[in-house]
Every structure is written in structure tokens, then in C-alpha cells.
**Student:** 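If you scroll down you'll find the structure; I have some questions about it.
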Amino acid sequence: MINRVHRFHGYGSLARVYRRSSAARGSGVSVRFAARSAGQPARAAVVVSKKVSKSAVTRNRIRRRIYEAVRVQWQPAAPVDLIFTVFDGQLAELPTGQLHQEVANLLQKAGQTGIE
RNA sequence: CCAGAGUAUUGGCUAAUCGCGUGCAUUUCGGUGUACGAGGAAAGUCCGGGCAGCAAAGGGAAAUGGCAGUCGCUAACGGCGACCGGGGGCGACCCUAGGGAAAGUGCCACAGAAACGAAACUACCGCUUCGGCGGCAAAGGUGAAACGAGCGCCCCGGCUUGCCGGGGUUGGGAGUUCGGCGCGAAGGCGCCAACUUCCAAAGGUAAGAGCUCGCAACGUCGCGCGGUGACGCGCGAAGUAGGUAAACCCUGCCUGCUGCAAGGAGAUGGAUUCUUCGGCCCUAAAGGCUAAAGCAUCCCGCUGAGAAUUCAUCACAAAAACCGCUCGAGCCUGUCGGCAACGGCAGGCCUAGAUAGAUGAUUAGCUUCAACAGAACCCGGCUUACAGAUACUCUGGCACU
RNA sequence: UGGGGAUUCGCCAAGUGGUAAGGCACUGGUUUCUGGUACCAGCAUUCGGGGGUUCGAAUCCCUCAUCCCCAG
């Protein structure tokens with residue numbers, strides 16, 4: 001889990017990102033990104049719908065693993081909003097190296113630089 | 001050892017690093033330190049409560065919905081325990097929506113003569129004007145069901161050789177009797193029983209056997225004994241017969257509606273008034289005991305805390321933030337009572353509380369790479385999912401001693 | 001979180017205790033030189049799964065699964 005200041009709070013801010021954002025698509029997960037005004041902290045969210053898996057345990061595992069991959073590899077340079085949307089339940093069992101590579105690719109497409 | 005029955009426990013662990021949530025402490029307000037951090041089902045939302053709001057003066061009735069052996073347990077329950085009745089298993093044990101069908105109504109297709117209130121298709125016996133009429137109700141046939149059931153006995157079939165399955169043990173006519181009972185004055189007549197014989201019928205390849213015994217069951221009424229009771233054991237009287245209430249219904253008991261997204265509350269600071277609050281005994285009050293938020297020997301008083309009213313500043317937007325929100329019919333250990341469910345007492349413990357929603361990642365080790373699965377107001381149950389491991393008790397069989 | 005509904009042949013569906021109607025599609029046949037049309041015939045092993053009540057269950061009861069809808 002990432003730090004509280006880098007999470008979303010409230011419903012309107014998420015809807016705002018959905019309205020005015022660009023998208024990048026990977027295999028299993030895609031990302032929508034939009035710039036924020038200067039001085040605000042960068043934020044990220046992970047969305048796993050019930051269609052991906054009916055089990056709450058599986059959905060939680062996917063969400064936590066992606067949050068962890070983002071936390072390790074993301075060094076936000078400029079204020080930005082990121083929303084990761086999962087559409088493949090296989091991510092719960094994907095090896096950690098592949099999952100991190102996937103997230104790194106998406107961060108790169110969104111114009112973010114990895115920490116390594 | 002093999003095959004089973006029941007109950008209970010467990011549900012990956014250890015170390016290191018990075019990271020997250022909450023409480024507490026500290027702070028130079030950036031943070032730092034420390035403690036704790038999903039389940040037995042957190043699930044389904046099927047029942048019962050707490051709590052909250054609305055309604056209702058209080059009480060009762062009806063409707064609606066639910067429940068259904070008895071006694072208990074429980075805050076309560078449709079839950080649990082023990083027992084009773086019924087069914088299954090060689091047994092340990094398991095299953096059981098288990099009130100009422102002699103209150104009423106409905107339904108019981110097809111088949112069948114007939115489906116519940118009496119009747120008679122075939123057959124049998126008698127009579128006959130040969131059209132039929134009367135008697136009998138064993139048997140055949142139809143069907144899930146058409147007056148049953150139990151013990152004994154007989155026959156057939158099967159095998160594991162003493163068990164299982166199927167069927168029978170009957171009806172009618174005539175005759176006989178130092179036989180019994182009833183009617184009649186009597187000759188005699190009627191009924192019953194036994195025997196002989198004829199007809200019919202079942203079963204079986206065929207033959208043989210084809211008989212004997214006691215009555216039981218059920219509801220009603222009246223009793224005796226045992227049990228808190230359901231009920232069990234036994235006796236007597238006069239009697240009786242289909243099923244279905246997870247069909248309507250009847251009887252007894254329970255039942256207001258909505259649900260934490262309930263609901264509450266602007267925040268901070270000041271002023272005025274009131275209260276001085278704990279624990280135990282006690283229905284409560286009074287009173288008593290322990291003893292007392294701080295200062296003060298005591299009173300007055302001051303501070304603190306709580307409630308109400310009021311003033312100022314800020315805010316007036318939101319699915320934001322706050323309260324409700326986790327100490328509770330709580331958990332653990334011991335002991336006592338009880339067959340048990342459970343209850344009493346003593347000691348100890350604090351064990352998630354988020355709000356886009358906290359448990360993840362990496363490395364190393366453990367012979368085994370670990371099932372079902374993620375709290376959202378909280379409890380008691382039920383139901384459903386669950387890899388594997390462990391403990392205890394018991395049953396049947398085999399072998400050995 | 002709470003509440004409501006549905007599931008019958010490949011598709012649409014009737015049936016509410018007594019042999020699972022019907023239409024489309026499909027298969028075979030007849031008619032035609034061929035195709036279509038028309039006509040005839042066929043097509044439900046288990047009525048979502050499991051258990052129970054009943055002589056008998058798609059229907060009644062319990063339980064599970066899947067799908068859809070509604071409130072905030």
C-alpha cells in the first residue's frame with residue numbers, strides 16, 4: 001500500500017480523472033493518467049472490478065500486488081493522477097518479476113520515470 | 001491389522017529488510033519510538049436479539065406471516081440438550097416439518113363394478129317363465145390405495161445354512177351326529193361346532209402338505225402401577241376402519257414498521273444558572289458500610305467535570321470531517337451444581353475498527369510449499385465451502401496371547 | 001448494505017399436483033429440371049443442481065448455484 005497522501009480521497013476527484021485523461025493499455029492492466037496543478041501531491045489508484053474475479057480474496061491480492069509494484073518503482077517527478085484498471089484475473093498468479101515489468105512499462109507510457 | 005461410528009483441536013511457522021492502518025508517548029509539527037492488526041466459517045443473509053428512529057395513552061381483538069412430541073437451557077429463537085414415539089443399520093450409531101383425517105370442505109388422473117359410501121364385473125351356490133332374480137364376499141381381475149394386523153404352522157425359491165424373499169393357512173352346497181344353544185305344548189324347526197363328501201380358489205415342474213394356537217391392533221370411555229411429562233406396562237366395557245393438512249382448514253403458541261447509508265450533532269472561545277455525581281446492601285426511597293476529582297483542619301469558597309440557556313468569531317460545500325464504533329448476553333483458567341445444553345463463584349486478560357477502504361514484497365531456513373476463503377454496528381444460532389494434520393472414545397471382523 | 005424477480009428443446013415460450021402444448025430453427029420424405037414455397041413425419045436421457053412430502057412433483061417444502069433488476 002502506498003502512503004496516504006498519494007491516494008485518492010472522495011468520489012469527485014476520480015470522476016474528474018476519468019473525464020479528462022489519456023490512456024495506455026498493457027496486457028491485463030491499463031492506466032489512465034492526467035496532470036494536476038502544481039503544488040499538489042501525485043496520486044495513484046487501482047481499480048479491480050467484480051467482473052475480474054468473484055472472490056474478494058483474489059481481488060484484494062491483485063490490488064495489493066499492483067500497489068506494491070507502483071510503490072517500489074514509482075518516483076513521481078511532477079503532480080499527476082494515475083488510475084490502474086485491471087481487466088484480467090490472471091494477474092493474481094503472475095510471477096512478481098513479470099508483474100513489475102508490466103507496471104514499469106505502463107509508467108513509462110504515462111511519462112513517468114522509474115526509480116531504478 | 002482391516003472396515004467403520006462419534007467427538008474435539010488445528011488451518012503454515014521462524015528471522016531480517018522495505019511498506020500500510022489504528023491506539024499511546026514524544027516532537028524542532030517534517031517526523032520518531034512503541035504496542036496491536038481478519039475467520040472458523042469473516043460467506044449465504046435463513047432465523048432470533050441488542051441498539052436506533054417512527055407509530056401506539058394503556059390494554060385487547062382481528063388480519064397477515066410463522067412454529068408444532070415432552071421436559072429443560074437461553075436475553076431470545078424456527079437454535080441447543082436430554083428423553084418419548086416412529087424408521088434404518090449385525091453393531092458403535094444415524095435419520096425424523098413428530099398436533100388434529102371418528103369437526104367440516106376439497107382432491108385421489110389412468111385403470112377398475114366400485115375411490116369412501118356404499119355397492120358387486122368375473123366366479124361360486126340356489127331359483128327360473130332362460131330375460132333374469134336372490135344369496136355369498138373366500139378367490140380372480142384393476143390400481144399407489146378396495147377390511148386390515150401379529151405369533152405359530154405349511155409350501156416354494158435363493159444363498160453366506162440360518163437367515164432373506166414370495167405365497168398359503170380359505171369360501172360355498174349337501175349329508176351325518178347319545179354334540180352345544182335357542183324357540184315351541186309336542187312332532188319338530190333355526191343357529192353354531194365337528195366330521196364325511198362335492199364344487200370353487202391359491203401355490204408348485206410334479207408330488208406332498210393344506211393343520212393348530214392364542215388372541216392381538218386401533219380410537220373412545222372407565223381404572224391400576226411407574227414417570228415432572230411425552231409415554232410405558234397391565235385390566236375392563238361396548239365398538240370401529242382408506243389416503244392426503246410441505247390442500248383449504250381446526251387447535252395451541254409467537255408476531256407493530258423500518259433498519260448504522262438507522263440515527264445524532266455545526267466547530268472554537270466566553271458568560272450566567274443548576275448539580276457534586278463512585279462501589280456494595282436495598283424493588284425503590286430513606287438509611288447504613290466502604291469511602292470521597294483536586295486545594296483547604298472544618299465551613300464558606302475556588303478549580304475541574306456534567307447539563308441547560310445565551311453571546312462572539314469562523315463555516316454554510318460535500319456521498320467531506322465528527323459521534324454512533326467497539327468492554328461485550330466478551331475471552332481464558334480453575335472450581336462447584338447438572339446426564340447434558342447450560343448456570344454460579346474466584347482469578348486473570350483487553351483482542352481490528354478502516355471510510356476508494358489497512359496484512360503486501362524480497363531473502364534464508366523448516367523432509368511436507370500450505371484448503372475454503374477477507375471484518376464494515378454488534379452478538380446468539382442455522383446453512384453452505386474446506387487440502388491436509390492431530391487427539392480421544394466406541395463398534396464389527398480376522399490373527400495372536 | 002438492504003430488498004425483489006427469473007431459470008422448461010439450439011431460440012421464443014404455455015403449463016400452478018395426474019402422459020411436458022405451440023411456434024421458429026434442425027433432420028428425413030413428397031411435390032419441382034433445381035432451389036424456395038406448400039404438405040407429411042421426426043426431434044425434451046434429468047423442466048438449473050441436490051434432498052424431502054406424496055401413490056404420483058416442472059408445479060408443494062428445504063437447500064445450493066447462476067443471471068437480472070431496484071433503493072441509497
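Naming: A, B, ... by sequence-line order, numbering from 1 per chain. Side chains included, hydrogens not; waters and symmetry mates left out as well; all remaining heavy atoms used.
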**Student:** Could you work out the separation of G106(B) and C136(B) based on their C1' atoms and round it to a whole Å?
**Tutor:** 37 Å
**Student:** Could you check if the base of G204(B) is syn or anti? Syn means the glycosidic torsion is within 90 degrees of 0.
**Tutor:**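 Base orientation relative to the sugar is anti.
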**Student:** Using the C1' atom in both, what is the distance from A329(B) to C342(B), to the nearest Å?
**Tutor:**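 Here A329(B) and C342(B) have their C1' atoms 13 Å from each other.
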**Student:** Considering only atom C1', compute the distance from G21(B) to G357(B) and round it to an integer number of Å.
**Tutor:** 10 Å
**Student:** With syn defined as a glycosidic angle within 90° of 0 and anti as the rest, where does G131(B) land?
**Tutor:**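 This nucleotide is in syn.
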**Student:** Round to a whole Å and report the spacing from CD of Gln101(A) to P of A361(B).
**Tutor:** 18 Å
**Student:** For A373(B), which nucleotide in any strand shown is its Watson-Crick or wobble partner with both distances under 3.5 Å?
**Tutor:**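 Its partner is none (no Watson-Crick or G-U wobble pair with both distances under 3.5 Å).
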**Student:** Paired with G266(B) by Watson-Crick or G-U wobble geometry, both distances under 3.5 Å: which nucleotide is it?
**Tutor:** C314(B)
**Student:** If anything within 90° of 0 is syn and all else is anti, what is A38(B)?
**Tutor:**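 Here the answer is syn: the torsion falls within 90° of 0.
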**Student:** Locate the shortest heavy-atom distance separating Arg43(A) from Arg7(A); write the atom from each residue and the value.
**Tutor:** CD-O, 3.4 Å
**Student:** With a non-hydrogen cut-off below 4.0 angstrom, is Arg63(A) in contact with a base, only sugar-phosphate, or nothing?
**Tutor:** sugar-phosphate
**Student:** Using Watson-Crick or G-U wobble geometry with both distances below 3.5 Å, tell me the partner of C295(B), or none.
**Tutor:**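 Pairing partner, where one exists within any strand: G301(B).
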**Student:** Do Arg64(A) and G374(B) share a donor-acceptor pair, side chain to base, under 3.5 Å?
**Tutor:**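 Check passes, donor-acceptor contact within cut-off.
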**Student:** Answer yes or no: does a side-chain N or O of Tyr67(A) lie under 4.0 Å from OP1 or OP2 of U359(B)?
**Tutor:** no
**Student:** Which way is the base of C147(B) turned, syn or anti, if we draw the line at 90° from 0?
**Tutor:**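 For C147(B), whose glycosidic angle is within 90° of 0, the conformation is syn.
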**Student:** For Tyr67(A), run the side chain to side chain contact (heavy atoms under 4.5 Å, CB included) check against Arg64(A), Arg63(A), Arg71(A) and tell me which one passes.
**Tutor:**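 That would be Arg63(A).
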**Student:** CZ of Arg71(A) versus C1' of U362(B): gap in Å, rounded?
**Tutor:**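 Distance check: Arg71(A) CZ to U362(B) C1' gives 11 Å.
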**Student:** Can you check the distance between C260(B) and G50(B), where both ends of the measurement are the C1' atom (answer in whole Å)?
**Tutor:** 13 Å
**Student:** Could you check G5(C) for me: syn (within 90° of 0) or anti?
**Tutor:**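 It is anti.
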**Student:** In whole Å, measure the gap between the P atoms of U8(C) and G50(C) for me.
**Tutor:**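 U8(C) and G50(C) have their P atoms separated by 16 Å.
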**Student:** For residues Gln73(A) and His100(A), report the shortest heavy-atom separation together with the two atoms involved.
**Tutor:**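 In this case the closest contact between Gln73(A) and His100(A) is NE2-O, 3.0 Å.
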**Student:** Please determine, for G4(B), whether a Watson-Crick or G-U wobble partner exists with both distances under 3.5 Å, and give it or none.
**Tutor:** C394(B)
**Student:** In whole angstroms, how far is the C1' atom of G21(B) from the CG atom of Asn60(A)?
**Tutor:** 14 Å
**Student:** Can you tell me how far CG of Leu82(A) sits from NE2 of His6(A), rounded to the nearest 0.5 angstrom?
**Tutor:** 11.5 Å
**Student:** Can you find a side chain N or O atom of Thr96(A) that sits less than 4.0 Å from OP1 or OP2 on U362(B)?
**Tutor:**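 For U362(B), OP1/OP2 do have a side-chain N/O of Thr96(A) under 4.0 Å.
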**Student:** What nucleic acid atoms does Arg59(A) come within less than 4.0 Å of, heavy atoms only: base, sugar-phosphate, or nothing?
**Tutor:**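 Nothing: the residue Arg59(A), judged by heavy atoms under 4.0 Å, touches no strand.
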**Student:** For the C1' atoms, the ones on C156(B) and on C218(B), what distance do you get once it is rounded to whole angstrom?
**Tutor:** 34 Å
**Student:** Please state how far atom NE2 in His100(A) lies from atom P in C18(B), giving the value in whole angstrom units.
**Tutor:**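 To the nearest whole Å, that distance equals 17 Å.
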**Student:** Which nucleotide, in any strand shown, forms a Watson-Crick or G-U wobble pair with U17(B), with both distances under 3.5 Å?
**Tutor:** A361(B)
**Student:** Should Val103(A) and Val72(A) count as side-chain neighbours, where that means a heavy-atom distance under 4.5 Å?
**Tutor:**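 Answer no - side chains too far apart.
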**Student:** Please tell me which of Glu68(A) and Ile2(A) maps to the more 5' nucleotide of RNA chain B, matching each residue to the nucleotide holding its nearest heavy atom.
**Tutor:**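 On the 5' side of the pair lies Ile2(A).
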**Student:** Taking atom P in both C195(B) and C213(B), what distance in whole Å separates the two?
**Tutor:** 10 Å
**Student:** Looking across every strand, which nucleic acid part, if any, lies under 4.0 Å from Ala56(A) by heavy atom: base, sugar-phosphate, or nothing?
**Tutor:**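 Touches sugar-phosphate only.
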**Student:** Figure out the CZ/C1' separation between Arg61(A) and U359(B), and round it to whole Å.
**Tutor:**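 To the nearest whole Å, that distance equals 12 Å.
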**Student:** Sort out the partner of A354(B) for me: Watson-Crick or G-U wobble, both distances under 3.5 Å, none otherwise.
**Tutor:** none
**Student:** Does the side chain of Leu107(A) reach to within under 4.5 Å of the side chain of Phe84(A), using non-hydrogen atoms?
**Tutor:** yes
**Student:** Answer yes when Glu68(A) and Arg65(A) have at least one side-chain N-carboxylate O distance shorter than 4.0 Å, and no when they do not.
**Tutor:** no
**Student:** Does the structure show a Watson-Crick or G-U wobble partner for A185(B), both distances under 3.5 Å? Name it, or say none.
**Tutor:** none
**Student:** If you compare all heavy atoms of Trp74(A) against all heavy atoms of Ala42(A), which two are closest, and at what distance to 0.1 Å?
**Tutor:**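 Smallest heavy-atom distance, with atoms named: CH2-CB, 3.7 Å.
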**Student:** When the distance from CD1 of Ile62(A) to P of A361(B) is rounded to whole Å, what number comes out?
**Tutor:** 13 Å
**Student:** Going by purine N1 to pyrimidine N3 plus the second Watson-Crick contact, or the G-U wobble pair, all under 3.5 Å, which nucleotide sits opposite C215(B)?
**Tutor:** none
**Student:** For A118(B) and A241(B), measure between their C1' atoms and round to the nearest Å.
**Tutor:**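 After rounding to an integer number of Å, I get 14 Å for this pair.
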